[in-house]
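Since the structure comes first, as structure tokens, the remarks are kept for the end.
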4 protein chains.
Amino acid sequence: MFQLDVRSRKPIYEQLVDKIKELIINRILKPDEQLPSVRMLSSQLTINPNTIQRAYRELENQGYIYSIKGKGNFVSAIEHMPSNEQLNDLKKDIRKLIAEAIYLGLTKEDLYVLFDEAHHQTKGVKKHNDSGKFHK
Amino acid sequence: MFQLDVRSRKPIYEQLVDKIKELIINRILKPDEQLPSVRMLSSQLTINPNTIQRAYRELENQGYIYSIKGKGNFVSAIEHMPSNEQLNDLKKDIRKLIAEAIYLGLTKEDLYVLFDEAHHQTKGVKKHNDSGKFHK
Amino acid sequence: MFQLDVRSRKPIYEQLVDKIKELIINRILKPDEQLPSVRMLSSQLTINPNTIQRAYRELENQGYIYSIKGKGNFVSAIEHMPSNEQLNDLKKDIRKLIAEAIYLGLTKEDLYVLFDEAHHQTKGVKKHNDSGKFHK
Amino acid sequence: MFQLDVRSRKPIYEQLVDKIKELIINRILKPDEQLPSVRMLSSQLTINPNTIQRAYRELENQGYIYSIKGKGNFVSAIEHMPSNEQLNDLKKDIRKLIAEAIYLGLTKEDLYVLFDEAHHQTKGVKKHNDSGKFHK
DNA sequence: GTGGTCTAGACCACC
DNA sequence: GTGGTCTAGACCACG
């Protein structure tokens, strides 16, 4: 269910946060739906409960979930669209990538090839999303 | 010109690597040009020499600069055949970027739009020389 | 078991890298086995933690170990398809060796003899486990 | 004449020592022949005279040349065969190389291929040498 | 003067 | 507890 890479440089709690955010954004987890309990996730993923806790706390801070003492953690109802800040960061990353590719001597076409290739490898792409929101 | 954020999550040496890489990629630092000495940069940025050293070492590992003991650090001449390693790094970056974009809910088409946009902005950043490069 | 020569021309961290590499290559350290913590090795060898860290980082860069923050450093599982980078390193080593041999006045035939000899000695160094690995 | 690589990790004076040793071992420089003066070499190679001096001093220490004040530096008459120590070092290097190759999953045949390849690339092999000295 | 290595000791993030 | 980063200051090798 959850693909966590313990060897990654990215901390586990952060990977967890990202995965859950993704599930929420793509409506796989619906508003007010209950998240698995800390203990359950902990034993399922064989990961320290503290780490799960930390991920949930982080998600709560960012407004993606809310917790009710004694009941559990639940998905928030609010819309989560990428903030302008996030979009800008992404654009900056893209520019950096392109500059680097050009520096290495790649043409635009080379880049498109690599790009397509990478896109295909990135499986698990969701679809039931109202896409096209971000076309200029 | 060198905006370093000591409180950032990103380590200082990594920020340095990125900044200098950018200068090299955009040809503001030309091939075989000498970089400021470790000690000089260290005192100018009021950052420990070891940290500068580490950044320079990293840049050398990545092939952007070369160092001559007793003389200094110099910008590598670009070979226009990117090494496999460099290509792999680039691919990894691309995959990361795409994952990030998908995570934000963007479609492939959205990405292509951003991509084209960035590509147009990048062209022509090359030639104009610039001084005052290493002031804080 | 760890003979380090602090007065050698070869830096300590490099000696460490070589020793540990040897243990890994000869399967004395098995895949996914945990290496001694930075601090432990540091105190056992009475060598600064930074120096140990650097050796571990180098080993990670070369793909021999991987590290998990908060948990430790671990031996990489070998993939039986050597990366291009690794192959290149090997080739470089071979060239260096040959240059050295020629410089000593050996002919190609001399080298082949030494080579065969060494190859026979190497086979079968594999299996026997060994403890007390990290004592000074 | 002298191929020196300023970018190499190996210090220039050491490269010089090695080159000259090679010339002496292979009888291109004959016993009691005069070496080029420090100044001449210095200007020819555009290298600091101190560096040349250091190389000559090193060669003198190792017994390959002798110097006469006011006259110059001359090739020593004594035979220079690889010492047992040097041969042992070489053997150790060979064993290390082979162990590494095996670890990477290469077969003996793969290694021979790489080996031949590297040997061909190593040009400048001398021939008028009484070879075969080191056959077992 | 330059880069390279090392020590001592500190503080952080993660599990 | 673990690894990762950083500072302060020292000493060496090189040109």
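Reminder, nothing fancy here: chain letters follow the sequence lines and each chain counts from 1.
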Here the pair of heavy atoms bringing B/Gln15 nearest to B/Gln3 is OE1-O, 4.3 Å
Does a side-chain N or O of C/Thr51 approach OP1 or OP2 of E/dT5 to a distance below 4.0 Å, or not? no
C/Leu35 CG to F/dG4 P, straight-line distance once rounded to whole Å: 12 Å
CD1 (D/Ile65) and CD1 (D/Ile20) are apart, to the nearest 0.5 Å, by 6.5 Å
Output yes when at least one side-chain N/O atom of D/Tyr13 is less than 4.0 Å from OP1 or OP2 of F/dG15, else no. no
Are B/Glu58 and C/Arg57 ion-paired here, with the side-chain N under 4.0 Å from a carboxylate O? yes
C/Ile12 atom CD1 is separated from E/dC6 atom C1', nearest whole Å, by 7 Å
So, are A/Lys92 and A/Glu85 salt-bridged, with charged N and O less than 4.0 Å apart? no
Does F/dG1 have a Watson-Crick or wobble mate here (both distances under 3.5 Å), and if so which one? E/dC14
To the nearest angstrom, the CG-P distance between C/Leu4 and E/dT5 comes to 16 Å
Hey, is the side chain of C/Asn73 poking within less than 4.0 Å of OP1 or OP2 on F/dG3, counting only N and O atoms? yes
Has B/Arg57 got a side-chain N or O lying under 4.0 Å from the OP1 or OP2 atom of E/dG4? no
Provide, to the nearest angstrom, the distance between the CG atom belonging to A/Leu41 and the P atom belonging to E/dC15. 15 Å
Tell me whether the OP1 or OP2 atom of E/dG9 has a side-chain N or O from C/Asn48 closer than 4.0 Å. no
Using atom CD of C/Gln53 as one end and atom C1' of E/dA10 as the other, report the distance to the nearest whole Å. 14 Å
Rounded distance in Å - CZ (B/Arg7) to C1' (F/dC6): 16 Å
B/Arg39 near the nucleic acid: base, sugar-phosphate alone, or nothing, with a heavy-atom cut-off under 4.0 Å? base
Whole-Å distance between F/dT2 P and C/Tyr66 OH? 17 Å
Looking at C/Asp18 and C/Lys10, is any side-chain nitrogen of the basic one under 4.0 Å from a carboxylate oxygen of the acidic one? yes
I want to check one thing: is the phosphate of F/dG3, taken as OP1 and OP2, less than 4.0 Å away from some side-chain N or O of C/Tyr56? no
Touch class at under 4.0 angstrom, heavy-atom based, for D/Ile47 against every strand present: nothing
So, OP1 or OP2 of F/dG4: does either fall under 4.0 Å of a side-chain N or O from C/Ser67? yes
Hey, which sits more toward the 5' end of DNA chain E by its nearest nucleotide, B/Gln34 or C/Val6? B/Gln34
Step-by-step side-chain hydrogen bond (donor to acceptor under 3.5 Å, both in side chains) determination, C/Tyr13 to C/Asn50: CA-CA 9 Å; C/Tyr13 83 92; C/Asn50 274 327; over 6 Å; no
Closest to the side chain of C/Arg54, out of F/dT7, E/dT5, F/dG3, is E/dT5
Classify the side chain of C/Asn50 versus the base of F/dC6 as yes if they form a donor-acceptor pair under 3.5 Å and no if they do not. yes
Could you state the atom-to-atom distance from NZ of B/Lys69 to P of E/dG4 in whole Å? 8 Å
Of A/Lys10 and B/Pro36, the one whose closest DNA chain E nucleotide lies more 5': B/Pro36
Give a yes/no answer on whether the side chain of C/Arg9 brings an N or O atom under 4.0 Å of OP1 or OP2 in F/dC14. yes
